[in-house]
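Only one structure is covered here, and it is reproduced in the block below.
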Amino acid sequence: MSVLSLIVEHRMSFPSSTQNLIQQPEPAVIAEAAAVLKRGGLVALPTETVYGLGADASNAAALKHLYEVKGRPGNHPVIVHIGNSEQLSDWAQDIPEAAWKLAKAFWPGPLTLILPRTPKVPDTVTGGQDTVGIRVPNHPVALALLREFGGGIAAPSANRFGRISPTQAEHVLNDLGTDIDLILDGGACAVGVESTIVSFQNGRPIILRPGMITAEQIESVLGQQTADIQTSSAPRVSGSLASHYAPQTPVFLLEIDTIIEHCFANPSQAIGILARSPKPESLKTNNNVQWIEASSDAAVYAQQLYAHLRALDAQHLDALYVEIVPQKPEWDAIQDRLKRAAFQES
Ligand code: TXA
Ligand code: MG
């Protein structure tokens, strides 16, 4: 199969919300992508969160290949993407009432539910656990592909294991290039960070991975408190490994004043900065400092975060300094990703 010739131009200019995704994908392209999945191939697909690397979730050989390409340990589970909530019972059983409520409130959307698996789910999907992660993505290309394909699509983020997730087709091409069969280009992802992952323990919702659907939003739908991963005996989540989502360049998460002081103290160091304010006048003449002014709006910041980190990382600088973000619920997922990106192995 030819790879590069199959990269599909399906550009849409996304607003920073998940509304308004109205453009219809090309049927011939979607048919080709579904055929690739059916013969056990790998298709990178856009979702509203990040690009996923998709394989037929009921084909163990395709899944094995997916793990190899991603460089992911075989015991890490992957999320099964389905086209609508009616397909939930193909993959999960003993579904708690709270899960149905969340599915109804947030699907299609950036929420993954961890539920008891049905016997049909291959061990390669679940990493041998007795649960399966499932979500209905909110992207017209992903939904069209799911409709055409008919089954579940197992899709981790389409980056090499431990690296920054892709939010544009070009990111996937740079990371995985010719190792995969097809990349569907659906433009820049509207949400920009991975889905919120919720599991249930004795009916109580537990947030395993924060996302742009916040604990508060989940609590308001369910009328009950959520717990987070620290307080639960939760199953394995690779996104919860300390060093995850990491650029190659060392990342430091600091107050903006400290970052600026550091620039003055080290004028010859090549530094990338991700801040929420413009480059100060006093640093304008320092060409060693690459300054990106990110948004002060959490949704817009999240949407651009990985592209910004990738852009800075690609310049092979000595260090990346990221301004710490507000301690507010809508920044939780961003803070989580930044902390993992900033983790330094000792
Ligand atoms: O937004 C997203 O969730 C993106 C898009 C492509 O859908 N996908 C994504 O997949 O982030 P991945 O594989 O990079 O992260 C999925 C996370 C992993 O940390 C995995 O351990 C966890 O979901 N997970 C999957 N199934 C699980 C299960 N049965 N129990 C606990 N964690 C599970
Ligand atoms: Mg990932």
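All ligand and atom numbering here is 1-based and tracks the order in the structure. One-based numbering along the sequence shown. Note that these values count all heavy atoms, side chains included, but never hydrogens, waters or copies made by symmetry.
- Residues Asp123 and Arg117 are paired through a salt bridge, judged by an N-O separation under 4.0 Å between the basic side chain and the carboxylate.
- Between Thr47 and ligand 1, no N or O atom pair is found at a separation short of 3.5 Å.
- Ile79 and Leu88 are members of different hydrophobic clusters when ILVMFWY side chains are connected at heavy-atom separations under 4.5 Å.
- The shortest N or O to N or O distance between Arg135 and ligand 1 is under 3.5 Å.
- For ligand 1, the atoms closer than 4.0 angstrom to any heavy atom of Thr131 are 28 (C), 29 (N), 30 (N).
- Taking all heavy atoms of Met212, Arg209, Glu194 into account, the minimum distance to atom 15 (O) of ligand 1 is reached by Arg209.
- Heavy-atom contacts of Ile197 reach the following atoms of ligand 1: 17 (C), 22 (C), 23 (O) (cutoff under 4.0 Å).
- For a threshold of 3.5 Å applied to N or O pairs, the pair formed by Lys70 and ligand 1 contains no separation below that value.
- The residues Glu148 and Lys38 are annotated as not salt-bridged, no charged nitrogen and carboxylate oxygen being separated by less than 4.0 angstrom.
- Remark: ligand 1 atoms within the under-4.0 Å shell around heavy atoms of Ser195 are 1 (O), 2 (C), 3 (O).
- Annotation: Thr126 places no N or O atom under 3.5 Å from an N or O atom of ligand 1; distance criterion only.
- Classified by interplanar angle (parallel below 30°, tilted 30° to 60°, perpendicular above 60°), the ring pair Trp331/Tyr301 is perpendicular.
- Residue-level proximity to ligand 1 for His81 is carried by the side chain, the only part with a heavy atom below 4.0 angstrom.
- When only modelled atom types and interatomic distance are considered, Glu194 and Ser165 share a side-chain donor-acceptor pair under 3.5 Å.
- Below 4.0 Å from some heavy atom of Pro156 lie the following atoms of ligand 1, by number and element: 10 (O), 12 (P), 13 (O).
- Applying the 4.0 Å criterion to heavy atoms of Val132 picks out, from ligand 1, the atoms 29 (N).
- The closest donor-acceptor contact from the side chain of Lys70 to the backbone of Asn159 lies under 3.5 Å.
- Looking at ligand 1, you'll find an N or O of Thr49 within less than 3.5 Å of one of its N or O atoms.
- A donor and an acceptor atom, one from each side chain of Ser195 and Thr49, are nowhere located under 3.5 Å apart.
- A salt bridge does not link Arg204 to Glu219: none of the charged side-chain nitrogens sits closer than 4.0 Å to a carboxylate oxygen.
- Neither the backbone nor the side chain of His139 comes within contact range of ligand 1; no heavy atom lies under 4.0 Å.
- For Tyr321 and His262, the ring centers sit closer than 6.0 Å to each other.
- The only option from Arg163, Arg310, Arg160 that meets the side chain to side chain donor-acceptor pair (under 3.5 Å) definition with Asp175 turns out to be Arg310.
- At a threshold of 2.8 Å, the Mg ion (ligand 2) has a backbone or side-chain N, O or S atom of Ser157 nearer than that distance.
- Checking Pro46, Gly52, Ser157 against atom 10 (O) of ligand 1, the nearest heavy atom belongs to Ser157.
- Polar contact with ligand 1: absent for Tyr51 (N/O pair, distance under 3.5 Å).
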